[in-house]
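What follows is a set of notes on a single structure, which appears directly below.
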Amino acid sequence: FCLPLDVPEIITQISELLDYSITNAGRVFIVDDDKLLAEHHALVLAEIGIETRINANVEHIIEEIMSFQPDLILMDMYMPDYSGAEIAGLLRQYRSLKRLPIVFLSSEMNKALQIRAMSHGADDFITKPIDDIQLAQAIKVRLARSLQLKNLIEKDGLTSLVRHAAIKDAAEMEFLRVERTGKPLGIVMLDIDRFKTVNDTYGHATGDLVIASLATLLRKRIRKTDRAGRYGGEEFLLVLPDCNTKQAKLLTEQILAAFSGLYFNAKDQQFNCTFSAGVVSSGDDNFANAAQMIAAADKAMYQAKESGRNRVLH
Ligand code: GH3
Ligand code: MG
Ligand code: MG
Ligand code: MG
């Protein structure tokens with residue numbers, strides 16, 4: 001009996017992920033023209049394990065949010081250059097920021113003005129003055145709710161990896177970072193070979209186990225800053241910051257070797273699987289966006305299929 005990964009191990013991984021959504025208090029991006037107050041709020045939130053970043057420059061706010069990837073924005077309502085509502089409206093124009101909860105913090109007692117702010121994309125309103133414990137509690141509750149919702153929307157049940165839309169968003173965010181840092185971004189598309197045969201021969205449940213095992217392997221092999229997503233049924237996308245084509249290809253080849261070395265048991269038989277992958281890096285071409293990189297990785301993956309499968313092509 002040699003399942004590639006024993007079932008308890010897979011269960012442990014899922015529970016780790018679930019714990020993560022409960023114990024990881026999340027990240028809050030603070031927008032306030034009053035630097036002292038912002039720093040005070042940051043300290044209060046840090047006390048309960050929330051990671052914070054204070055907006056230093058409204059001009060570069062989108063870039064800063066994209067790079068920090070907050071789970072919630074705490075926004076001052078009144079600032080000298082832009083109103084909180086204006087900034088909220090700006091954020092909502094970005095697809096990947098559409099669902100980001102924005103909580104306004106203001107001494108605004110006028111209900112009509114509060115409601116107008118909400119119509120500009122704020123999700124909630126906290127009225128000043130608020131004491132530290134109240135603020136911490138209010139943010140904690142909203143963060144937990146938003147993280148749970150995000151998990152529910154983004155995570156795939158079988159693999160615990162993020163789904164199609166979320167991994168595409170991650171790729172787009174990392175692509176923006178390339179333009180700022182100049183560091184290469186690696187993108188890998190991989191698809192399990194002859195998977196229909198696996199389902200037909202060993203059944204759908206065994207097919208599911210193969211998919212979950214590859215997902216576990218991907219999670220184990222990539223770095224903390226890398227992302228893996230379930231792009232389709234038995235198709236996965238890797239987003240690898242600061243990774244050139246050569247490094248991405250090497251990593252993917254190591255994962256392929258590990259995957260094809262896993263033996264599955266079903267119907268009194270032992271079998272293994274392979275995958276085909278396409279690798280690109282932002283340095284390869286004049287890519288205008290991550291979608292173009294994904295298309296190029298997909299094309300290389302199909303070439304890998306056509307030239308015999310069980311390989312990684314650039
Ligand atoms: P190729 O080498 O060309 O990729 O051959 P293939 O048989 O893998 O072809 P294709 O990628 O088109 O087929 C994917 C199959 O994966 C089709 C579908 O029935 C199966 N599949 C998709 N999602 C799941 C899933 O969640 N569980 C299981 N068991 N099978 C799935
Ligand atoms: Mg102010
Ligand atoms: Mg396939
Ligand atoms: Mg496929």
Side-chain angles (χ1 to χ4, degrees), residues 2-7 9-11 13-14 17-18 151-168 170-171 187-222 227-240 248-249 251-280 290-314:
C2 62
L3 279 175
L5 297 159
D6 51 41
V7 175
E9 184 172 2
I10 293 172
I11 291 169
Q13 295 247 353
I14 293 168
L17 269 157
L18 286 177
N151 256 351
L152 219 60
I153 293 168
E154 292 188 347
K155 288 262 164 74
D156 162 61
L158 176 64
T159 64
S160 292
L161 296 178
V162 294
R163 293 180 216 271
H164 185 91
I167 192 68
K168 263 173 77 182
I187 295 278
V188 180
M189 178 75 82
L190 54 92
D191 181 293
I192 303 177
D193 294 329
R194 309 266 187 230
F195 194 66
K196 276 187 206 120
T197 314
V198 172
N199 276 333
D200 293 347
T201 315
Y202 305 105
H204 205 267
T206 302
D208 281 359
L209 181 65
V210 173
I211 290 175
S213 302
L214 177 55
T216 304
L217 193 58
L218 294 176
R219 244 197 317 271
K220 276 191 178 159
R221 293 287 174 132
I222 61 177
R227 302 281 296 273
R230 190 175 180 194
Y231 199 72
E234 32 72 88
E235 248 178 74
F236 298 84
L237 191 76
L238 302 181
V239 177
L240 312 168
K249 189 162 183 272
L251 172 73
T252 312
E253 278 166 349
Q254 286 166 346
I255 294 171
L256 176 55
F259 181 59
S260 57
L262 297 178
Y263 280 81
F264 300 89
N265 273 12
K267 302 215 163 149
D268 295 326
Q269 290 175 62
Q270 248 189 34
F271 72 97
N272 69 330
C273 293
T274 59
F275 63 70
S276 302
V279 169
V280 291
Q292 289 183 2
M293 288 187 69
I294 294 171
D298 198 49
K299 202 174 149 199
M301 190 267 286
Y302 271 96
Q303 278 160 2
K305 292 275 185 199
E306 272 173 19
S307 57
R309 294 178 172 79
N310 187 19
R311 68 195 64 197
V312 183
L313 283 193
H314 164 49

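Counting starts at 1 for both ligands and their atoms, in listed order.
Looking from atom 5 (O) of ligand 1 to the surrounding protein, the closest heavy atom is R194 N, 3.4 Å. Nearest non-hydrogen protein atom to atom 6 (P) of ligand 1 is F195 N, 3.3 Å. Counting only heavy atoms of the protein, atom 23 (N) of ligand 1 lies nearest to G233 CA, 3.2 Å. Atom 24 (C) of ligand 1 has its closest protein heavy atom at I211 CD1, 3.8 Å.
At a threshold of 4.5 Å between non-hydrogen side-chain atoms, the residues L214 and V210 do not count as touching. Inter-residue side-chain proximity for L251 and V188 is flagged as unmet; no heavy-atom pair is nearer than 4.5 Å. Side-chain contact between R230 and I211: present, with at least one pair of heavy atoms (C-beta onward) separated by less than 4.5 Å. For the pair Y202 and Q269, the minimum side-chain heavy-atom distance is below 4.5 Å.
Note: F259 and F264 have perpendicular aromatic rings, judged against thresholds of 30 and 60 degrees for the angle between ring planes.
Near the Mg ion (ligand 3), less than 2.8 Å away, sit the protein N, O or S atoms D191 OD1, I192 O, E234 OE1.
Of all atoms in ligand 1, numbered sequentially from 1 with element shown, those under 4.0 Å from a heavy atom of N199 are 19 (O), 20 (C), 28 (C), 29 (N), 30 (N), 31 (C). Atoms of ligand 1 lying under 4.0 Å from at least one heavy atom of R309, given by number and element, are 1 (P), 2 (O), 3 (O). Applying the 4.0 Å criterion to heavy atoms of G207 picks out, from ligand 1, the atoms 29 (N). Here is the list of ligand 1 atoms found below 4.0 Å of a heavy atom in D208: 25 (C), 26 (O), 27 (N), 28 (C), 29 (N).
The backbone of I192, and not its side chain, has at least one atom closer than 4.0 Å to an atom of ligand 1 (non-hydrogen atoms only; backbone = N, CA, C, O).
Residues S276 and N310 share a closest heavy-atom pair of OG-N, 3.4 Å. Taking both residues in full, the closest heavy atoms of T201 and K267 are given as O-NZ, 3.5 Å, listed atom of the first, atom of the second, then distance.
Judged purely by atom type and a 3.5 angstrom limit, R219 has no side-chain atom pairing as donor or acceptor with the backbone of L217.
Within the structure, ligand 1 has R230 among the residues with a heavy atom less than 4.0 angstrom away.
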Quick one: side chains of residues 301-308, donor-acceptor pairs under 3.5 Å with protein atoms, not counting sequence neighbours, listed by atom name and distance.
unit_1	atom_1	unit_2	atom_2	d
K305	NZ	D191	O	3.1
K305	NZ	D191	OD1	2.9
K305	NZ	I192	O	3.2
K305	NZ	D193	OD1	2.8
S307	OG	Q303	O	2.8
S307	OG	A304	O	3.4

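With sequence neighbours excluded, the residues forming a side-chain contact (heavy atoms from CB on, under 4.5 Å) with A291 are E172, N289, listed by chain and number. Looking at residues two or more places apart in sequence or on another chain, you find a side-chain contact (heavy atoms from CB on, under 4.5 Å) between R163 and D156.
Nearest to atom 28 (C) of ligand 1 by heavy-atom distance, out of M301, H204, E235, is H204. When the heavy-atom distances from atom 15 (C) of ligand 1 to K196, E306, K305 are ranked, the shortest goes to K196.
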- Task: Show your reasoning for whether side-chain contact (heavy atoms from CB on, under 4.5 Å) applies to V162 and K155.
- Result: CA-CA 4 Å; V162 294; K155 288 262 164 74; 4.2 Å; yes
